Amino acid sequence: MASLQPVRGTHDLLPDDMRRHQTVVDRIRRCAALYGFEEMATPIFEFTEVFSRTLGETSDVVSKEMYTFERSGDHITLRPEGTAGICRAFISNGLAQQVPFKAFYQGPMFRYERPQKGRQRQFHQVGVELLGIESPQADIEVLALAAQFLDTLGLQGQVTLEINTLGDSASRTAYRDALVAYLMPFHDQLSEDSKTRLEKNPLRILDSKDEGDRKIIANAPVFSDSLNDASLAFFEAVKQGLDALGIAYTVNPRLVRGLDYYCHTAFEFTTTALGAQGTVLAGGRYDGLIQSMGGTPTPGIGWAAGVERLAMLVDGVPDKARPIALIPMGDAAEALALPLANQLRRAGLPVDMAYGGAMKKRMKRANTVNARVAVILGDDELARNEATVRDLDSGEQSAVALDGLVQALTALG
RNA sequence: GCGGGUAUAGCUCAGUCGGUUAGAGCACCUGGUUGUGGUCCAGGGGGUCGUCGGUUCGAAUCCGUCUACUCGCCCCA
């Protein structure tokens with residue numbers, strides 16, 4: 001152990017953070033159920049090849065961001081994203097028999113990156129995958145789910161949806177060739193980053209922020225010119241579906257996703273509120289992925305969202321439940337309070353009872369835990385078989401018979 | 001991986017030109033009130049001034065180093 005600091009890029013989720021975090025997860029869990037996506041979980045580590053072969057050897061995630069280790073000769077990697085694991089599980093469990101397969105997942109992901117706001121080395125994603133449907137209906141449904149999820153979090157005004165098509169593989173190859181042919185003569189004028197992109201992933205040059213690059217790109221061939229009829233029709237169908245559902249979007253012809261497995265529909269919900277980490281939810285179609293992993297050819301589409309990024313945007317996180325504070329005074333009351341607390345808790349009411357201390361201290365604690373009422377049990381009350389119930393908001397007190405106490409407190413709601 | 005900024009109490013931050021015992025607000029504890037919180041009053045605890053090293057008679061303050069955070073690039077959720 002180097003020190004008492006957490007490992008770089010990792011954070012503790014203290015109870016307040018956790019409540020915010022859980023709010024995001026609860027909302028997507030509920031939305032996913034409405035669309036028929038069932039929650040599942042895959043291991044947080046897999047054989048390294050599960051990621052390296054699917055995400056693309058040259059992608060940044062694989063080439064420099066994986067947490068990989070070796071154990072008994074096995075090469076293991078902490079998952080940097082969720083889709084590869086779901087697809088591996090789909091094949092491992094023979095789920096091709098059960099398409100359409102609709103999965104929702106949530107959990108930690110790991111990428112060895114330089115931490116920034118909204119970017120940690122251990123972070124959390126929620127995501128959905130829809131496997132086995134070739135039709136653009138799948139794209140539309142998955143996007144509708146994303147939009148409803150973000151709406152539920154109250155983010156309608158804060159995020160915008162950008163979509164693009166990467167076409168089928170024939171279209172993409174044709175475009176890639178055209179783009180490389182156009183850029184080659186400019187090779188020496190490109191930024192250093194873009195020179196390597198030209199070899200590794202030329203499409204990404206379209207997204208370059210370098211000014212020199214942008215001038216060159218301005219006259220580059222347009223993707224849509226390389227799209228074949230089938231790809232164009234597919235994209236049209238997706239857009240029409242979004243229009244029909246009233247989901248606003250802008251087409252961004254330069255939107256290119258970093259992972260190799262994407263085709264056809266690619267999309268991102270972005271915000272300007274998080275600095276450089278604008279992408280809050282993103283995904284796309286990956287028709288060739290399952291086959292490339294060795295499964296029967298199965299089309300797929302899905303997305304993932306960053307829980308920490310969403311949590312930073314959400315306000316109006318629900319308050320924690322307000323407990324009932326039990327305040328026994330004296331040995332007789334203590335003896336009574338324990339079973340009473342038990343009874344209230346079994347009745348579904350949250351109870352806070354200080355572990356000792358004078359009445360003043362216990363009242364103070366009732367206040368800090370934001371108790372709704374304090375139930376005071378002292379010798380006077382016991383002699384009358386009553387408890388004093390004090391409303392901590394109004395300060396009003398009343399006597400309640402002990403045998404009606406559970407009912408009276410339940411009635412508070 | 002590259003470039004900039006920052007680091008003082010649990011939290012948010014002051015701290016003058018390098019000067020002797022490092023401060024405030026909030027939070028916490030005790031008392032004012034033997035059985036009444038949230039307001040008020042009085043008192044109290046809490047610091048290796050991020051780390052290690054250097055300059056100096058003297059360093060929270062100047063210089064270097066490492067670490068963490070942060071902003072941007074790359075990339076991504």
Side-chain angles (χ1 to χ4, degrees), chain A residues 2-11 14 16 24 28 55-56 58-65 80-83 106-127 146 159 191-194 196-197 200-201 204 207-210 256-259 267-271 274-283 302-313 325 327-330 333 352 354 357-382 388-397:
Chain A
S3 70
L4 291 177
Q5 287 175 325
V7 174
R8 182 175 200 194
T10 66
H11 288 100
L14 298 179
D16 281 348
V24 174
I28 179 57
L55 305 181
T58 61
S59 68
D60 270 46
V61 169
V62 170
S63 61
K64 62 180 196 191
E65 296 177 359
E81 58 100 49
T83 302
Q106 56 83 26
M109 306 291 167
F110 306 85
R111 292 184 195 172
Y112 187 84
E113 293 187 275
R114 179 110 170 219
Q116 276 184 44
K117 182 179 188 172
R119 172 191 296 173
Q120 285 93 48
R121 289 182 174 180
Q122 176 178 339
F123 61 106
H124 297 78
Q125 285 189 337
V126 297
V159 295
S191 67
E192 286 309 309
D193 283 333
S194 287
T196 41
R197 288 182 185 123
K200 284 163 53 173
N201 193 346
R204 287 221 71 95
D207 210 16
S208 174
K209 284 166 186 127
D210 181 86
V256 179
R257 311 220 13 91
L259 308 179
F267 55 89
E268 290 185 359
F269 284 84
T270 60
T271 176
L274 294 178
Q277 277 63 246
T279 305
V280 118
L281 183 155
W303 52 255
V307 176
E308 284 83 357
R309 289 184 186 180
L310 289 172
M312 283 190 284
L313 295 177
I327 304 187
M329 306 300 301
D352 181 90
M359 182 171 195
K360 179 171 177 164
K361 187 173 175 178
R362 291 175 182 240
M363 284 298 289
K364 207 173 159 103
R365 175 173 169 85
N367 204 54
T368 34
V369 299
N370 195 27
R372 177 116 180 251
V373 296
V375 175
I376 299 161
L377 293 164
D379 294 338
D380 295 350
E381 284 86 355
L382 291 188
T388 298
V389 175
R390 180 181 177 90
D391 183 311
L392 290 173
D393 293 333
S394 67
E396 285 168 22
Q397 295 192 173

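Below, chain A is the first sequence line, B the second, and so on; all start at residue 1. All values derive from a computational prediction rather than experimental measurement.
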Are OP1 or OP2 of [N] and a side-chain N or O of [X] less than 4.0 angstrom apart?
X	N	result
Gln116(A)	C69(B)	no
Lys364(A)	G38(B)	yes
Arg365(A)	G37(B)	no

Looking at every strand, decide which applies to [X] at a 4.0 Å heavy-atom threshold: base, sugar-phosphate, or nothing.
X	value
Glu381(A)	base
Gly357(A)	nothing
Gly118(A)	base
Leu310(A)	nothing
Ala366(A)	nothing
Leu392(A)	base
Gln397(A)	base
Gly395(A)	base

Where the side chain of Lys361(A) is concerned, which of G37(B), C71(B), U30(B) is the nearest nucleotide?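 Of all the options, the side chain of Lys361(A) is nearest to U30(B).
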State whether the distance check finds a donor on one side and an acceptor on the other, under 3.5 Å, for side chain [X] versus base [N].
X	N	value
Arg8(A)	C69(B)	no
Glu65(A)	G1(B)	no
Asn367(A)	G38(B)	no
Arg114(A)	G3(B)	yes
Arg362(A)	G37(B)	no

Locate the shortest heavy-atom distance separating Ile327(A) from Arg362(A); write the atom from each residue and the value.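 Heavy atoms only, the tightest pair is CG2-CD, 3.8 Å.
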Using the six-membered ring of Tyr112(A), assess whether NZ or CZ of Arg121(A) lies under 6.0 Å from its centre and within 45 degrees of the ring axis.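 Yes.
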Please tell me if the side chains of Gln120(A) and Glu308(A) come closer than 4.5 Å, counting only heavy atoms from C-beta onward.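 The answer is yes, as the side chains (C-beta and beyond) meet within the 4.5 Å cut-off.
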